[in-house]
Amino acid sequence: MMPLSSCLPLWRPSESTATTQRQTKKIEDYKPGYPRFTALLSAYEPYFFCRRFNMLRARLLLLKQDKLSMLEERLNQVDQQEESLLFLGKSRCDKNTDRISLLSEIESCLADYDSFAERTHQMLNFGPARRRDVESLQNWLDGTGCLAREEAAYLTHHRELVSLAPAGDNAIIQLEAWVEDKLIRFYRGFRKSRFHDISIDANVYIYSGPLTKRAARALLLFLITLLLLMPIVICKSISTISIRIIVITISTVSYLLILSWLTKSRTIELVLAGATYAAVLIVFVSSTSEIQTYEPASTVKT
């Protein structure tokens, strides 16, 4: 029987660690210019944004539309000038070469028009790039000068910039950005963390650790709990119905404002959320009011 040690694979931590370190490449390891700039973009998905070119798309769409309109008019003229009604009523017998060539051209132009309209619709559905990410790239380019100003000018078209990164939870994203800003400002050891391994530049903050995500989720849970329970605690300590109604109104308005700010909710979703939130508070207030009403009556004197 072979000894157990010879059957088990050997683990060499030094080689594994060395391999991992060799695979981790800093942004500054790439040559200045597009190699270093694209290394920065690939290190952080929200930096994948580009211009929509709204004006050019509108121009091309109008030109393609006008070309189809002219072809439509020409087809109508050919039909009006047709002498043989058989050709108009039976396409299999149609020998009018002008109409046949026109229909073929119309089909080609329509396919191009539909394809362009679909691509434009897809581009317009992309979410806008976040101003924070755009300003970060602008600051990095101003500090490093990796790209010519003319080729980095696309970052100045704020209204046309769209993000190609998958859309995440807007509330978590905003809270993560807020947490990261506070850590950068008040925690000096944040930049020295081992999760800042993308760049050696002290001004580049691309954090890959779990701290910001966990802190953002904790803040979100705390905020939700506060919004749900604080009105109940206040109403519990107040016996006047009118003041309770005022507390419910203020709480509902605050809840909807925070919900609309943190999330990209539609109107119907806000209406349903507000109605549910107000209904829960009203049920609680009415139930506690009934309990307080029946308590004196149920008291027995000895």
Can you check side chain to side chain contact (heavy atoms under 4.5 Å, CB included) on Tyr113 and Lys67, steps first, answer last?
CA-CA 10 Å; Tyr113 180 79; Lys67 184 176 181 180; over 6 Å; no

Decide yes or no on side chain to side chain contact (heavy atoms under 4.5 Å, CB included) for Leu124 and Asn54, but give the supporting numbers first.
CA-CA 9 Å; Leu124 293 177; Asn54 293 346; 4.1 Å; yes

Please assess Gln122 against Asn125 for the test side chain to side chain contact (heavy atoms under 4.5 Å, CB included), listing each intermediate value before the final yes or no.
CA-CA 5 Å; Gln122 183 179 2; Asn125 278 336; 5.8 Å; no

Are Leu137 and Leu41 close enough, and set up right, to give a side chain to side chain contact (heavy atoms under 4.5 Å, CB included), and what steps lead you there?
CA-CA 9 Å; Leu137 277 186; Leu41 297 184; 3.8 Å; yes

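Between Leu71 and Cys109, the shortest heavy-atom distance links the atoms CD1-SG, 3.8 Å. Minimum interatomic distance between Ala273 and Leu259 (heavy atoms only, all atoms of both residues): CB-CD2, 3.7 Å. When all heavy atoms are compared, the tightest approach of Pro35 to Thr38 is O-OG1, 3.1 Å. Here the closest non-hydrogen pair linking Cys146 and Pro32 is SG-CA, 4.2 Å. Between Trp140 and Ile27 the shortest heavy-atom distance is CZ2-CG2, 4.5 Å. In plain terms, the two heavy atoms of Met55 and Glu160 that are nearest each other are N-OE2, 4.3 Å.
Applying the salt bridge (charged side-chain N to carboxylate O under 4.0 Å, His left out) criterion to Lys213, with sequence neighbours excluded, gives Glu176.
Within the 4.5 Å cutoff, no side-chain heavy atoms of Val162 are placed close to those of Phe49. Side-chain contact between Pro128 and Arg159 is absent, with no heavy atoms from C-beta onward closer than 4.5 Å.
Grouping the Ile, Leu, Val, Met, Phe, Trp and Tyr side chains by contacts below 4.5 angstrom, directly or via other members, places Leu219 apart from Ile173. Hydrophobic clustering places Leu228 together with Leu175 (ILVMFWY residues linked when any side-chain heavy atoms are closer than 4.5 Å, directly or through intermediates). In the hydrophobic cluster analysis, where Ile, Leu, Val, Met, Phe, Trp and Tyr join through side-chain heavy atoms closer than 4.5 angstrom, Val253 is grouped apart from Met230. Following chains of ILVMFWY side-chain contacts shorter than 4.5 Å, one can reach Leu40 starting from Tyr154, so the two form part of one hydrophobic cluster. Grouping the Ile, Leu, Val, Met, Phe, Trp and Tyr side chains by contacts below 4.5 angstrom, directly or via other members, places Leu223 with Leu229.
Remark: the backbone N or O of Glu135 is paired with a side-chain donor or acceptor of Asn139 at under 3.5 angstrom. Listed for the Asp133 side chain is no donor-acceptor partner under 3.5 Å among the backbone atoms of Arg130. Formation of a donor-acceptor pair under 3.5 Å by the Ser237 side chain with backbone atoms of Ile234 is found in this model. Looking at Gln138, its side chain does come within 3.5 Å of a backbone N or O of Leu155 through a donor-acceptor pair. Proximity of a side-chain donor or acceptor of Arg51 to a complementary backbone N or O of His157 within less than 3.5 Å is not detected. With hydrogens and angles disregarded, a donor-acceptor distance shorter than 3.5 Å links the side chain of Tyr277 to the backbone of Leu227.
Put simply, OH on Tyr255 and CD1 on Ile224 are 7.5 Å apart, with the number rounded to the nearest 0.5 Å. Going from atom CG of Leu161 over to atom SG of Cys50 covers 8.0 Å, rounded to the nearest 0.5 Å. Here CZ of Arg74 is found 8.5 Å from CD1 of Ile106. Values are rounded to the nearest 0.5 Å. In this structure, the separation between CG on Leu75 and CG on Leu68 is 11.5 Å, given to the nearest 0.5 Å. Atom CH2 of Trp178 is separated from atom OG1 of Thr212 by 13.0 Å, given to the nearest 0.5 angstrom. One distance of note links OG1 of Thr120 with CG of Leu61; it measures 6.0 Å at 0.5 Å rounding.
Between Tyr47 and Tyr44, the ring centre distance stays below 6.0 Å.
A salt bridge links Glu180 to Arg132: at least one charged side-chain nitrogen sits closer than 4.0 Å to a carboxylate oxygen.
Between the side chains of Tyr34 and Glu151, a donor-acceptor pair is found at a separation under 3.5 Å. Counted by atom type alone, Arg119 and Ser115 present one or more donor-acceptor pairs between their side chains at under 3.5 Å.
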